[in-house]
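Chain letters run A, B, ... following the sequence lines, proteins first, then strands; residues in each count from 1.
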2 protein chains.
Amino acid sequence: MKLTEAKLQFVSSWGAFGSHWGINRTMAQIHALLMVSPDPLTQDDLMEQLNISRGNVNMNIRDLITWGLVDRVILPGERREYFTAEKDIWKVATQIIKERKKRELDPMLKLLSQLEKIDGDKKDKDVKQFVETIGGIKKLGLQADKMLDVMVKADENWFLAGIMKMFK
Amino acid sequence: MKLTEAKLQFVSSWGAFGSHWGINRTMAQIHALLMVSPDPLTQDDLMEQLNISRGNVNMNIRDLITWGLVDRVILPGERREYFTAEKDIWKVATQIIKERKKRELDPMLKLLSQLEKIDGDKKDKDVKQFVETIGGIKKLGLQADKMLDVMVKADENWFLAGIMKMFK
DNA sequence: TTGAATTTTCAAAATATTTTGAAAATTAAT
DNA sequence: ATTAATTTTCAAAATATTTTGAAAATTCAA
C-alpha cells in the first residue's frame with residue numbers, strides 16, 4: 001500500500017472510531033492528519049486534504065487546542081498560522097484522560113455523592129436498590145478516578161513496566 | 001431529596017453522560033432506570049416512566065440485550081415480557097469493556113497492523129512519521145487490550161486489591 | 001384454528017448535530 | 001492610517017440520528 005492511500009485510510013478510520021467515543025468525525029480526522037504529518041499544516045492544507053470548509057476547520061482546530069492536543073505554531077517570516085499535533089501517543093492518551101476525567105467523571109461523582117444522601121426508609125426495597133446502585137457506581141468511579149490520576153502522573157516507561165509486571 | 005426526584009435526576013444525568021460516550025440518550029436512560037428498579041419492568045412501564053414511544057423502548061431494549069446489559073424475564077402466569085438489568089456494577093463494567101473491545105479496539109488494531117506494512121522509503125520523513133505514529137498507537141492499543149483482557153477475566157476483589165496495591 | 005394481547009418493524013416526522021460560506025473582525029506589513 | 005491577508009463568527013443549509021406510531025408479525029390461551 002502507498003503512503004497516500006494509507007494516510008487516507010487511517011484518517012477516515014480514525015474519524016469513524018472517534019465518533020463511537022463522542023468525538024465528532026471531522027475533529028478526529030483533523031487530529032489524525034496532523035498526527036501523521038511531520039510538518040505543521042495550515043488551515044488551507046487541512047481544508048484541501050480533508051475537503052471541508054474553512055469555518056469547519058477553524059472551529060474544530062480551536063476545539064482540539066482546548067483539548068490540549070494541537071498547538072498553534074508561528075513559523076518565522078510566515079504570515080499564516082500553522083498547526084501541529086502532539087506526536088507522543090502516550091501524552092495524547094494522558095491528555096485525553098485528564099480532560100475527560102475533569103469534564104465528565106468528576107461531575108458525575110459529585111452528583112452521585114448527592115444522590116446517595118437520599119432520605120427515605122432504608123427498608124423500602126426501592127430506596128434500598130437505589131442507594132445500592134448509586135453506591136456501587138460511585139465506588140467504581142472513585143477507583144477509576146484514582147487509577148487514572150496515577151496513570152496520568154506517571155511516565156510511559158513506568159506505566160509499561162508496571163503493567164507488564166502486574167499482568168504477566 | 002425524595003426517591004422519585006433522585007431517580008429522575010439519576011436517569012436524566014446518566015442519559016447525558018452516556019451521550020458523551022457514543023451511547024444514545026434513551027438507551028442509557030432505560031438502562032439507568034432498570035438498574036435502580038428492584039423488580040423487572042415491562043415495556044409499558046418504561047414508556048410511561050420515560051415518556052417515550054413503544055417502538056423506541058423496544059428498539060433500545062433489544063440493543064441493551066445484545067450488549068448483555070439487560071435480560072428478558074418471564075414471570076410465571078404473566079403474558080407480558082419483563083426486563084431487568086444486571087445490578088452488579090462490576091459485571092456491567094466488564095461487559096461493556098468486553099463488547100467495546102470486540103467491536104472497536106480489535107478491528108482498529110487489525111487495521112493498524114495492515115497500515116504499518118506500508119511500502120516506501122523509510123528515509124522519507126512523511127513515511128517515517130506515518131510509520132511511527134501508527135506504530136505508537138498500535139503499541140498503546142495492544143497494552144490496553146492486554147490490560148482490559150485481564151481485568152475482564154478477574155473478579156472484583158482481585159481487581160480492587162490489585163489496584164490498591166499497585167497504586168498505593 | 002381463532003382472535004386478543006403483545007412485540008416487532010420501519011417509513012416518515014421530529015430533533016439534533018455538523019457543515020458551509022460569506023460577512024465581520026483581527027492582524028500585521030507598508 | 002490604510003489595506004490586504006488571514007482568522008473568526010454564526011445564521012442558514014445540509015446531514016445524521018432519534019423517535020414516533022401504526023401496520024405487520026408473533027405469541028399463546030381458549
Side-chain angles (χ1 to χ4, degrees), chain A residues 11-34 40-67 70-85 103-104, chain B residues 11-34 40-67 70-85 103-104:
Chain A
V11 165
S12 142
S13 301
W14 200 251
F17 193 65
S19 62
H20 281 147
W21 290 87
I23 288 123
N24 104 23
R25 185 180 308 281
T26 302
M27 183 160 48
Q29 288 185 349
I30 292 175
H31 185 223
L33 184 51
L34 288 175
L41 302 179
T42 62
Q43 293 200 1
D44 291 84
D45 293 332
L46 293 166
M47 284 169 66
E48 188 183 311
Q49 297 202 43
L50 300 175
N51 275 135
I52 55 180
S53 71
R54 181 176 305 286
N56 200 1
V57 169
N58 190 272
M59 282 177 145
N60 284 114
I61 274 279
R62 276 192 302 109
D63 227 341
L64 283 165
I65 291 173
T66 74
W67 273 87
V70 165
D71 286 324
R72 256 174 247 276
V73 174
I74 306 297
L75 294 191
E78 276 276 4
R79 174 71 180 276
R80 286 180 303 171
E81 290 177 323
Y82 283 74
F83 300 93
T84 187
R103 297 176 190 203
E104 296 155 33
Chain B
V11 165
S12 144
S13 302
W14 199 250
F17 193 65
S19 63
H20 283 146
W21 290 86
I23 288 122
N24 103 25
R25 183 181 310 280
T26 303
M27 184 160 49
Q29 289 186 349
I30 292 174
H31 185 223
L33 184 52
L34 288 175
L41 302 179
T42 62
Q43 293 201 0
D44 292 85
D45 293 332
L46 293 166
M47 284 169 66
E48 188 183 311
Q49 297 202 42
L50 299 175
N51 275 134
I52 55 180
S53 72
R54 181 176 306 285
N56 200 1
V57 169
N58 190 271
M59 281 174 144
N60 284 114
I61 274 279
R62 275 193 302 109
D63 227 340
L64 283 164
I65 291 173
T66 74
W67 274 87
V70 165
D71 286 323
R72 256 175 247 273
V73 174
I74 306 296
L75 296 192
E78 278 276 4
R79 173 72 180 276
R80 287 180 303 172
E81 289 178 324
Y82 283 75
F83 301 94
T84 188
R103 297 177 189 201
E104 296 154 32

Compare the minimum distances between each of [options] and the side chain of [X], then state the nucleotide with the smallest one.
{"X": "A:Ile52", "options": "C:dT20, D:dT20, D:dT9", "value": "C:dT20"}
{"X": "A:Ser53", "options": "D:dT7, D:dT19, C:dT19", "value": "C:dT19"}
{"X": "B:Gln43", "options": "C:dT20, D:dT8, C:dT7", "value": "C:dT7"}

Does a side-chain N or O from [X] land closer than 4.0 Å to OP1 or OP2 of [N], or not?
{"X": "B:Arg54", "N": "C:dC10", "result": "no"}
{"X": "B:Asn58", "N": "C:dT7", "result": "no"}
{"X": "A:Arg79", "N": "D:dT3", "result": "no"}
{"X": "B:Arg80", "N": "D:dT27", "result": "no"}

In residues 22-31 of chain B, which ones come under 4.0 Å of DNA chain C, going by heavy atoms?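 The stretch gives none, as no residue of it lies under 4.0 Å from the strand.
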Please evaluate residues B:Leu46 and B:Ile52 with respect to the criterion side chain to side chain contact (heavy atoms under 4.5 Å, CB included), reporting the C-alpha separation (whole Å), side-chain torsions for both, the decisive distance (0.1 Å), and the verdict. CA-CA 8 Å; B:Leu46 293 166; B:Ile52 55 180; 5.6 Å; no
Quick one: [X] [atom1] to [N] [atom2], roughly how many Å, whole number?
{"X": "B:Asn56", "N": "D:dG21", "atom1": "CG", "atom2": "P", "value": "11 Å"}
{"X": "B:His20", "N": "C:dA16", "atom1": "NE2", "atom2": "P", "value": "15 Å"}
{"X": "B:Glu78", "N": "D:dT27", "atom1": "CD", "atom2": "P", "value": "18 Å"}
{"X": "A:Arg72", "N": "D:dT6", "atom1": "CZ", "atom2": "P", "value": "15 Å"}

For the pair B:Phe83 and B:Arg72, evaluate side chain to side chain contact (heavy atoms under 4.5 Å, CB included) and give the outcome as yes or no after the intermediate values. CA-CA 5 Å; B:Phe83 301 94; B:Arg72 256 175 247 273; 3.6 Å; yes
Comparing B:Met59 and A:Arg62 on DNA chain D - which has the more 5′ nearest nucleotide: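 Its nearest nucleotide lies further toward 5', so the answer is A:Arg62.
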Heavy-atom donor-acceptor pair, A:Asn58 side chain to A:Gly55 backbone, under 3.5 Å: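 Flag not set: sc A:Asn58 to bb A:Gly55 has no pair under 3.5 Å.
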Given B:Trp67 and B:His31, is the side chain to side chain contact (heavy atoms under 4.5 Å, CB included) satisfied, shown in steps? CA-CA 11 Å; B:Trp67 274 87; B:His31 185 223; over 6 Å; no
